[in-house]
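Everything on this sheet refers to the single structure shown next.
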Amino acid sequence: MDTNGKLFKKFLERENKISDQFSSENAKKQHAKGKLTARERIDLLFDKDTFEEIDAFVTPATITSKFGKITESYGDGVIVGHGKISGRLVFNYAQDFTVMGGSLGTVHAQKIAKIQKMALKMGAPIIGLIDSGGARIQEGIASLAGYATIFKNNINSSGVIPQISVIMGPAAGGAVYSPALTDFIFMTNKTSYMFVTGPSVVKEVLNEDVTDDELGGAMVHCKKSGVAQMMFEDEEQTLQGVRKLLTYMPSNNMENPPVILNPDEIPEFNEKVRDIVPDDPNKPYDVKEVINQIVDPNTFYETSENFAQNIVVGFARLNGNTIGIVANQPKVLAGTIDINSSIKGARFIRFCDAFNIPLLTLEDVPGFLPGVDQEHMGIIRNGAKMLYAYTEANVPKITVILRKSYGGAYIVMNSKNIGGDFNFAWPTAEIAVMGPDGAVAIIYKRDLAASDDPVTLKKELVKTYRDEIANPYIADEKGYIDEVIDPAITRKKLIVAFEALQNKHVATPAKKHGNIPL
Ligand code: HXC
């Protein structure tokens, strides 16, 4: 072809129009807000020079509405395509706020829907970079229909390919519900926010003054509402966080996660683990110390770190293989299970189960959190979520009881009878219907009331209860746990046990779907 000829010049002119659209003027507007452009984000997210864009030249729909005009653009405010992350195929769409506020019109929606369908067909993860004012007002009902198609695709892909949403600016109106239907939501502190209706509507309807950040900033959603799982301080760190999370996942539900061996020498006998749980059962400790001493070094990737901190969830590697960890956190609310921690745990367990990620449970739980608030807000319905999720999950499931394992919480945390494959306990474990104080108060109520020295009597009875009942040996003798182990060999035990479970297959009864208590 003659590269100085008319045909080639026309081709180059079109190419230049795309780069003009990402002119320094538009980039400046984004940078002034502490944000990157859609193309800069894609460059950071994907392995160098691997991103392939499609539909770059599509133009917005022509609309006849007299309300507002549609800005002429190539691409209609969203870049879609595929590339490689750590060498693996990933699909992506990235909204461009500089084109009509990243709002979603007919063509914009068609592009996203097309890439969603491709990702599902190819069995590869999809990542949405969201920076959008929601449904494009000028295109009216067509925008709503576009969102509906995207939501439907999200739901069809749920449990088949990992779906990740990264909020990188506003996500308003319809823009929030696609992320809400995906597996993980990332946010950047101070520059991203999500709300169904923004501060101006809140002011109009409720006469309340609130800023974007106060209403739906990263802190709000990662700490209070639990809508988002991950928060980082700038966009680059956020995108690095997404890349890292993907290393723990398979590309789809028919595959296993990649095996990534750790080059470090890791001791199989680790005496440090013996010293983490204090002898005094009322003393708190940080369960993350236990996790970090058991898994491959520096592989623990915590999700939902700031929400419901009485339970810790996240991914890690054990001998190079991804596992999902659910651990009670004794240093927050004594590790009790409340509504939020049950929801957090259940959602994480269901993700792991959908994507063939074995589950490790580290248990130290005195029970469900009591109280009027919890009861009235539905701890019964919500607490049942984690019970349901654990029981339903048929990936390999192992529990290690570190210390307390009382009552309903004993059952919930992957006990043998709900399907734990291997259940181990440390010598510090206390497994019983309830804690010593409660048990003594109920069983010896009359004796304590009649005693001249109820304090000493109670102390003695508590000791007897601990010696006779609240220890791991009765459960061991009756087969409710498989073995009491030395904490120092926990890592080795888990590696061998997960290896033994790698071909686990469970036949489930035919049904349309279960009815998890929502
Ligand atoms: C069309 C929009 C738009 C929208 C923003 N723009 N949102 N155009 N439809 N939904 C345009 C603006 O007109 C402006 O165009 C440009 O994008 C940048 O917007 P600004 O307001 O100047 O930016 P900023 O001050 O940063 O504010 C961003 C914003 C605000 C917070 C997102 O624009 C906003 O509140 N937008 C509306 C959000 C909203 O209520 N969406 C819900 C839609 S209804 P120019 O030409 O001036 O540059 C919906 C229902 C779906 O989504 C429900 C499904 C379940």
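Note that this is a predicted model, so its numbers are computed, not measured. Sequence positions, counted from 1, serve as the residue numbers for this chain. Both ligands and their constituent atoms are indexed starting at 1 by order of listing. All heavy atoms count here, side chains included; hydrogens, waters and symmetry mates do not.
If you look at F195 and Y193, their ring centroids are closer than 6.0 Å. For an aromatic pair to be called close, the ring centres must be under 6.0 Å apart, and Y301 with Y248 satisfies this.
Residue-ligand proximity, L144 to ligand 1, at heavy-atom distances under 4.0 Å covers atoms 50 (C), 51 (C). Residue G173 approaches ligand 1 through these ligand atoms, each under 4.0 Å from one of its heavy atoms: 42 (C), 49 (C), 52 (O). Set against the non-hydrogen atoms of R136, the atoms of ligand 1 under 4.0 Å away are 1 (C), 9 (N). Within the listing of ligand 1, atoms 26 (O) sit less than 4.0 angstrom from a heavy atom of K33.
Among protein heavy atoms, atom 5 (C) of ligand 1 sits closest to G101 CA, 4.3 Å. Scanning the protein heavy atoms around atom 28 (C) of ligand 1, the nearest turns out to be F97 CZ, 3.8 Å. The closest protein non-hydrogen atom to atom 1 (C) of ligand 1 is Q138 OE1, 3.2 Å. Scanning all protein heavy atoms for the shortest distance to atom 10 (N) of ligand 1 gives A135 O, 2.9 Å. The protein atom (non-hydrogen) at minimum distance from atom 2 (C) of ligand 1 is M100 O, 3.8 Å.
Remark: atom 17 (O) of ligand 1 lies closer than 4.0 Å to at least one protein heavy atom. Atom 47 (O) of ligand 1 is not flagged as protein-proximal [any protein heavy atom, distance under 4.0 Å]. In this structure, atom 30 (C) of ligand 1 has its sub-4.0 angstrom surroundings free of protein heavy atoms. Within the 4.0 Å cut-off (strictly below), a protein heavy atom is located near atom 37 (C) of ligand 1. Within a 4.0 Å radius of atom 23 (O) of ligand 1, the protein contributes at least one heavy atom. Protein heavy atoms are absent from the space less than 4.0 angstrom from atom 20 (P) of ligand 1. In this structure, atom 52 (O) of ligand 1 is in close contact with the protein, since a protein heavy atom lies within 4.0 Å of it. Within a 4.0 Å radius of atom 26 (O) of ligand 1, the protein contributes at least one heavy atom.
Residue F151 has no N or O atom closer than 3.5 Å to an N or O atom of ligand 1.
By the 4.5 Å heavy-atom criterion applied to side chains, I85 and F46 are counted as neighbours. For the pair I167 and I185, the minimum side-chain heavy-atom distance is below 4.5 Å. Residues P258 and R88 are in side-chain contact: their nearest non-hydrogen atoms beyond the backbone lie under 4.5 Å apart. Taking 4.5 Å as the limit, every side-chain heavy atom of N16 sits out of range of all side-chain heavy atoms of E13. A heavy-atom distance below 4.5 Å is not found between the side chains of Y177 and N154.
A donor-acceptor pair shorter than 3.5 Å cannot be found between the side chains of Q163 and D183. Between the side chains of K203 and N207, at least one donor N or O sits under 3.5 Å from an acceptor N or O.
Looking at S103 against ligand 1, only its side chain comes within 4.0 Å, counting heavy atoms.
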Q) Going through the distances and angles, do N321 and F498 end up as a side chain to side chain contact (heavy atoms under 4.5 Å, CB included)? A) CA-CA 9 Å; N321 295 293; F498 276 123; over 6 Å; no

Q: Verify ring-ring contact (aromatic ring centres under 6.0 Å, His included) between F348 and F351, making sure each step is shown before the conclusion.
A: CA-CA 5 Å; F348 181 77; F351 176 84; 7.3 Å; no

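Contact detail for I357 and G324: the closest heavy-atom pair is CG2-N, 3.4 Å.
Distances from atom 9 (N) of ligand 1 to the heavy atoms of I137, D212, L104 show the closest one on I137. Scanning A180, G133, G174 for the heavy atom closest to atom 49 (C) of ligand 1 points to G174.
Comment: R136 engages D76 in a salt bridge, judged by a side-chain N to carboxylate O separation of less than 4.0 angstrom.
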